[in-house]
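We number each residue from 1, following the sequence as shown.
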Amino acid sequence: MFSRHSYLVVPTQTSVVNFPATMSPPSTAVVYDQHGPPDTVTRVTKIPPVEMNENEVCVKMLAAPINPADINRIEGVYPVLPPIPAIGGWEGVGEIHSVGSAVMALSPGDLVIHAAYLSGTWQTYVVEDQSLWYKIDKNTPIEYAATISVNPLSALRMLEDFVALKSGDTIVQNGATSIVGQCVIQLARIRGIHSINIIRDKPESDKIKEKLIKLGANKVFTESELEVKGVKNLLVDIPKPSLGLNCIGGNAANMVVKFLKQGGTMVTYGGMSKKPITISTPYFIFKDISLKGYLLQEKNLDEAQYRCSIDHLLALVRAGILQYEKKD
C-alpha cells in the first residue's frame, strides 16, 4: 500500500451536494489508531461534515505526497509524533472550497499549501484555521506545490543556516539522488557554489551521474569510488568543502567528513542506513570538524521566513530553474 519513496496521492473527491456554507462536505481520510506497519494499521474511513467557525476555511485537497517520514510516523519510530488516532500526511496542496464569515485573505478557488509542521493532509477535505494555509500562485505545477514545503525547504535552509557560503565555495553531500539532494545541487549551482555528490553503487550508476551533472553537480562519486585514502586527490580543480550534508549515516557519513576542509561542518538531517555515525578522533583534534543536526520542525521558522522561502522556491520552479524527480 505504501512506498518509502515520495509520490503523489490524488484524493478521490466525495461528491458535494446541498451542504450549507458553514459545513464542510463529508471527507475520506487515511487514519491510524495505533503504530505499526502501515499496511496493517492504516484504514480508509469516512469523516462526517464539520461545522466551520468564522475564521476557518475548508480546503479540498488536490494532492499529498507520501514521504519516508510519513511512514516512520505511522510506524511510531519518528521522533516527533502526532497524538493517535491520527490522519496521515504532513504536506499537500489544495483548493479553497469555502470560507468562514471573518476570512478575508482567502477565497474559494485559491490554491493553497499546508503550513509546515502540521499533520492530516491525507484526506479529501480539511477544515482548519485560515492561518494554517498559505495562498500560492495558481500557475504552480500541482506536483511541486504538494512537495515544496519539506524537502526543498530543508535543502534551502541547510545551505543558508549553518555556514556562510559564498560563490566559489564547495559543499559535499551523500544521498544526492533524493529530493533534498537534487535541490541542494541546483540551489548551490544558482549561487555559484560547487557540489560534490556521493551516490550508492547501482548498476545504473553512470546514468545517475549523468542526470545529476545535468542538474548542475560538479562531482559525482559512488561509495566504492571513495573507498580510497587521500580523497583530496579527487579535488584538484575545486576547493575543499566547508559544509557537508548527511542523510544516510554509517560509513556514508564518514565519506562526507573525509572531504571537509579545516573547520568544516557536517549537518545530519537523516539516517537512512539506520547505522550510527562514528567519526575518528583526529578529525576533531586536527581538523576541528563540527557535527550538527537539522530537523525542519525544530527550526521554528516564523511566518515571514517560511513564506519568503516558499515563494523563492516556487518562483524557481515556475521559471524552470528548480526541478526534481518524484517517485510515482
Side-chain angles (χ1 to χ4, degrees), residues 8-34 38 41-67 69-70 73-74 78 80-138 140 142-150 153 296-297 300-303 306-307 310 314:
L8 291 174
V9 176
V10 180
T12 302
Q13 299 295 342
T14 309
S15 111
V16 183
V17 289
N18 299 325
F19 282 96
T22 55
M23 299 289 290
S24 73
S27 185
T28 302
V30 177
V31 177
Y32 55 100
D33 303 293
Q34 59 183 318
V41 301
T42 58
R43 57 188 173 85
V44 177
T45 189
K46 300 290 185 181
I47 297 177
V50 175
E51 185 172 0
M52 297 166 52
N53 71 35
E54 62 179 8
N55 292 308
E56 289 182 325
V57 296
C58 175
V59 176
K60 178 175 70 174
M61 294 304 298
L62 302 177
I66 298 175
N67 288 319
D70 294 319
R73 289 185 184 98
I74 295 171
Y78 199 75
V80 181
L81 298 172
I84 53 176
I87 296 172
W90 279 62
E91 292 179 275
V93 60
E95 181 181 84
I96 297 291
H97 172 72
S98 58
V99 301
S101 59
V103 176
M104 300 298 173
L106 297 172
S107 303
D110 285 346
L111 193 66
V112 292
I113 61 173
H114 209 230
Y117 333 128
L118 297 169
S119 62
T121 56
W122 293 356
Q123 54 184 315
T124 50
Y125 289 91
V126 182
V127 173
E128 285 175 338
D129 190 88
Q130 61 178 323
S131 65
L132 301 181
W133 295 95
Y134 177 41
K135 180 179 175 180
I136 62 172
D137 192 308
K138 284 189 176 182
T140 304
I142 292 297
E143 66 271 22
Y144 284 96
T147 57
I148 203 74
S149 62
V150 173
L153 181 58
L296 180 61
Q297 290 94 318
N300 293 322
L301 296 178
D302 62 32
E303 184 176 350
Y306 175 77
R307 294 191 176 206
I310 292 296
L314 290 180

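The minimum heavy-atom distance between G120 and V126, with the atom names listed, is O-CG2, 3.9 Å. Minimum heavy-atom separation, I47 to A29: CD1-CB, 3.5 Å. Residues V99 and P108 approach most closely at CG1-CD, 4.3 Å, considering heavy atoms. Nearest heavy atoms, H97 versus P25: NE2-CG, 3.6 Å. M104 and Q130 get closest at one heavy-atom pair: N-OE1, 4.1 Å. In plain terms, the two heavy atoms of N55 and A102 that are nearest each other are OD1-CB, 3.5 Å.
From Y32, atom OH reaches atom CD1 of I84 across 7.5 Å, with rounding to the nearest 0.5 Å. M52 CE to S98 OG: the interatomic distance, rounded to the nearest 0.5 Å, is 4.0 Å. Rounding to the nearest 0.5 angstrom, the gap separating the CG atom in N67 from the CZ atom in R73 is 8.5 Å.
Side chain of D129 to backbone of S131: a donor-acceptor contact under 3.5 angstrom is found. Side chain of N53 to main chain of E56: a donor-acceptor pair is present (N/O by atom type, distance under 3.5 Å, no hydrogens or angles). Checked by atom type and distance alone, the side chain of T124 pairs as donor or acceptor with a backbone atom of T28 at under 3.5 Å. Side-chain N or O atoms of S24 include one that pairs as donor or acceptor with a backbone N or O of V50 at under 3.5 Å. Looking only at distances, a side-chain donor or acceptor of T121 sits under 3.5 Å from a matching main-chain atom of E91.
Taking 4.5 Å as the limit, every side-chain heavy atom of I87 sits out of range of all side-chain heavy atoms of S119. Residues V57 and L132 have side chains not in contact (no heavy-atom distance under 4.5 Å, counting atoms from C-beta outward). Between P48 and P26, the closest side-chain pair of non-hydrogen atoms is not below 4.5 Å. The shortest distance between side-chain heavy atoms of V127 and Y125 does not fall below 4.5 Å.
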**Request:** Apply side chain to side chain contact (heavy atoms under 4.5 Å, CB included) to the pair S149 and I310, showing each step before the final yes or no.
**Result:** CA-CA 7 Å; S149 62; I310 292 296; 4.2 Å; yes
**Prompt:** Between V93 and I148, is a side chain to side chain contact (heavy atoms under 4.5 Å, CB included) present by the stated rule, with each step listed?
**Reply:** CA-CA 10 Å; V93 60; I148 203 74; over 6 Å; no
**Asked** When you look at V112 and V59, which way does the side chain to side chain contact (heavy atoms under 4.5 Å, CB included) test go after all the steps?
**Response** CA-CA 8 Å; V112 292; V59 176; 3.9 Å; yes
**Request:** Determine, step by step, whether I96 and V103 satisfy the side chain to side chain contact (heavy atoms under 4.5 Å, CB included) criterion, reporting the C-alpha distance in whole Å, the side-chain angles of both residues, the deciding distance to 0.1 Å, and the verdict.
**Result:** CA-CA 11 Å; I96 297 291; V103 176; over 6 Å; no
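No option in Y134, Y306, W122, W133 other than W133 meets the ring pair (Phe, Tyr, Trp, His ring centres under 6.0 Å) test with H114. The side chain to side chain contact (heavy atoms under 4.5 Å, CB included) test with I113 is passed by exactly one of T140, I136, T147: I136.
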